[in-house]
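Here the structure comes first, spelled out in structure tokens, and everything after it is commentary.
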Amino acid sequence: MSLPSIKTLLAVWLGKGIACVNRTLGRGGTSLPGMAALKVDPALIKKLVSQHRQVIVVTGTNGKTTTNNILAGILIRAGYRVAWNRAGANMKSGIATALIENTSLLGKARTSTALLEVDEATVPLVLADLQPAIMVVTNFFRDQLDRYGELDKTVALIAEGAKKIPGLKLILNADDPLVASLAQRTGRDSYFYGVAASRWVSRVPEQVREGCHCPFCSHCLEYAYYHFSQLGNYRCPQCGFSRPPVHWEAVDPDMAPGITFYLQEKEERWRLSLPLEGYYNLYNVLAAAAAARFMGIDQKIVAEAVRTYTPQTGRMEEFNIGGKRVLLVLVKNPAGFNQVLRSLLLKEGPLNMVIAINDLDADGKDVSWLWDVNFEMLAKAPVGKIICTGLRGADMAVRLKYAGIPEEKLRIIDDREEAVEEGLNLIGPGETLYVLPTYTNLFPMSKILSSRQGKRK
Amino acid sequence: MEIKIAYLYSHQLNLYGDRGNIIALCRRAEWRGIRPVVVEIGLGEKADLKEYDFIFLGGGSDREQQIITADLLRYKGHSLVEAVEEGTALLSICGGYQLLGQFYRTATGEEIKGIGLFNAYTVAGKGRLIGNIVIETEIDGFKRMVVGFENHSGRTYLGAGVKPMGRVLAGYGNNGEDGFEGAVYKKAWGTYLHGPLLPKNPFLADLLLRQALEKRYGPVELVPLKDGLETLTHERIVERFGKKKKKLFAGILSKI
Ligand SMILES: [Zn+2]
């Protein structure tokens with residue numbers, strides 16, 4: 001093994017220094033240390049990651065943070081020493097930060113497995129450096145930043161990148177035609193997971209229709225049923241491309257409270273429960289369990305790690321403020337927002353919410369996507385009040401008005417702290433307030449809720 | 001009363017938020033007791049567009065644009081032009097706006113024929129024009145600001161007989177050069193202000209609604225609506241993005 005160069009050492013020290021300052025100041029900076037370190041040594045990621053025995057990449061549009069964190073929990077329980085980017089910082093800088101954190105001052109990795117969530121547009125840029133053994137892909141939805149066929153380009157670039165990694169195994173979502181198409185497009189060994197038909201599927205599509213076209217011949221796909229968005233059991237009438245047979249299938253899912261389902265593997269069927277809500281989280285736990293089983297981890301370890309999973313900021317994070325429950329859930333694109341709304345509709349009692357919409361770079365400057373979210377589903381729901389905040393709180397309120405929510409149930413409160421306070425006033429002990437922020441509102445909201453939780457303890 | 005709306009290529013021309021305009025027209029009609037009827041007309045379908053009071057075309061991805069242009073020329077273009085000549089109102093956005101012009105010249109110099117409703121043409125440009133946009137226009141003799149968001153690589157130039165929709169106060173508009181945005185011919189409107197244009201500019205929504213209803217019912221007075229939320233949204237966008245200098249200043253401040 002070669003000694004790290006001075007440049008690499010300087011980069012690691014700088015990164016660690018910044019991380020240390022960040023911690024002291026109580027800032028959760030998850031990409032700054034890596035960003036600075038990469039300026040000193042641009043090849044840092046390759047140098048640090050190559051010291052790991054195996055590298056696993058998790059990518060896709062939605063659910064990669066949750067999938068990555070559940071898988072990390074499983075691997076750690078199984079005795080692996082894992083470096084992973086837990087807070088969802090998934091660009092180059094975030095990956096570098098996670099690796100630096102698990103590197104000694106002498107530049108040696110303290111971990112043997114690197115489990116990296118990677119932004120789908122970043123995958124083509126880093127795949128050659130990472131040389132992963134396994135890549136898990138969750139789904140490909142149009143993000144708010146994606147317009148004019150950017151997604152098609154991204155998927156093509158990921159396929160190109162994957163082709164160049166010898167021995168790469170793909171763990172793919174069979175229910176998403178774009179994801180499943182990676183098997184043929186890359187020619188890599190592929191293993192599929194998917195959700196079986198149940199009472200949750202629908203025969204009609206939602207409005208969000210990213211995957212209507214066959215990835216191979218552009219003909220419109222036919223669906224036997226939909227789970228949500230373009231996820232479902234599809235077939236192309238022109239070229240015959242269809243949902244592939246799955247190695248791991250979620251059967252008989254039950255959604256409330258928490259997610260329970262049976263995992264069907266060949267002839268065997270065993271039970272998994274996850275303390276999270278929302279149909280989309282069923283996919284996340286399924287992807288993580290599939291990857292873990294592919295790696296040969298024992299069923300019992302998987303089940304136990306999943307059962308005790310604690311969510312990170314904004315991925316259905318729960319707070320208890322003086323006996324009132326607050327759920328914090330990140331919203332960032334129509335497909336994700338629709339899923340969150342659907343999971344809220346399964347609840348009993350009045351729905352009280354704080355929705356915080358910003359339009360800064362990380363949120364997407366164009367808030368037009370709010371009009372592709374199917375807020376119309378709330379019109380028939382028992383909505384208490386919806387408080388709109390953030391730089392685009394007024395836009396949000398207008399959207400809700402046109403979705404059929406009576407104006408007297410809508411309020412615009414610009415100050416985030418005040419909005420939360422007002423939201424808490426709306427509910428009684430034992431009831432739940434849902435706080436739904438876009439990205440740049442997420443951490444401020446989490447901070448407000450944490451401090452309110454602390455005060456009343 | 002009813003308003004019959006033709007929603008062209010709703011499956012292909014459905015980039016972010018464009019259907020917000022259909023939602024806005026329908027709600028604002030319903031709130032006044034006018035029944036909206038929306039008919040989606042897709043690829044390969046022939047339609048007599050003269051039967052409609054209002055026609056809508058949204059924006060699409062570049063890939064879809066060519067398919068749509070061919071279909072429009074073949075099945076609907078003639079009928080669409082006739083409908084507008086006979087007084088049907090129309091709103092076209094971004095990609096939809098471009099293909100109603102004379103032609104679209106691609107980066108390789110190829111000219112894709114449009115249906116020529118607007119005497120205008122579009123040229124593929126280097127780099128996309130993206131951002132919040134505020135324009136000034138005149139509606140019923142009053143100066144009004146129209147707000148929106150643009151994201152286009154095509155640069156559109158207007159010819160004789162077609163008026164711009166307004167003058168750009170902040171943003172790029174038709175081509176980023178001549179300071180104009182959009183096109184108006186009779187009751188047909190074309191604009192780069194994509195997504196939910198009408199809910200953010202309720203006075204424009206009502207103007208289009210009136211223009212659509214006029215065709216069958218003659219001049220109509222619309223009952224005023226409570227537009228508090230819409231007006232607030234509109235004002236905030238004007239306030240934040242309406243003045244170029246202020247924006248620049250704020251940009252410098254944020255960098256210090
Ligand atoms: Zn096909």
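These numbers were taken from a predicted model, which means no experiment stands behind them. Any value given below was found using the heavy atoms of this structure, including those in side chains, with hydrogens, waters and symmetry copies removed. Order of the sequence lines fixes the chain letters, A, B, ..., with proteins taken first and strands second; residue numbering starts at 1 for each chain.
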Walk me through whether R240(B) and R392(A) qualify under side-chain contact (heavy atoms from CB on, under 4.5 Å). CA-CA 11 Å; R240(B) 267 180 79 193; R392(A) 291 292 193 147; 4.0 Å; yes
Kindly indicate, with the supporting measurements, whether the criterion side-chain contact (heavy atoms from CB on, under 4.5 Å) is fulfilled by E376(A) and I23(B). CA-CA 10 Å; E376(A) 280 75 8; I23(B) 298 174; 3.7 Å; yes
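Of the two parts of L391(A), the backbone and the side chain both hold a non-hydrogen atom closer than 4.5 Å to a non-hydrogen atom of chain B.
Note: L229(B) CG to L410(A) CG = 6.5 Å, rounded to the nearest 0.5 Å. Note that the OG atom of S218(A) and the CD1 atom of I67(B) stand 7.0 Å from one another [nearest 0.5 Å]. The distance from atom CZ of F149(B) to atom CG of D359(A), rounded to the nearest 0.5 Å, is 8.5 Å.
Under the 4.5 Å side-chain criterion, counting only non-hydrogen atoms from C-beta, P199(B) is in contact with W371(A). Side-chain contact between D395(A) and I237(B) is present, with heavy atoms from C-beta onward closer than 4.5 Å. Looking only at side-chain heavy atoms (C-beta outward), I412(A) and R236(B) come within less than 4.5 Å of each other. Considering only heavy atoms from C-beta on, K401(A) stays 4.5 Å or farther from R27(B) through its side chain.
Between the side chain of S368(A) and the backbone N or O of G17(B) there is no donor-acceptor pair closer than 3.5 Å.
Nearest heavy-atom pair, L232(B) versus A394(A), reported as atom, atom and distance to 0.1 Å: CD2-CB, 4.2 Å.
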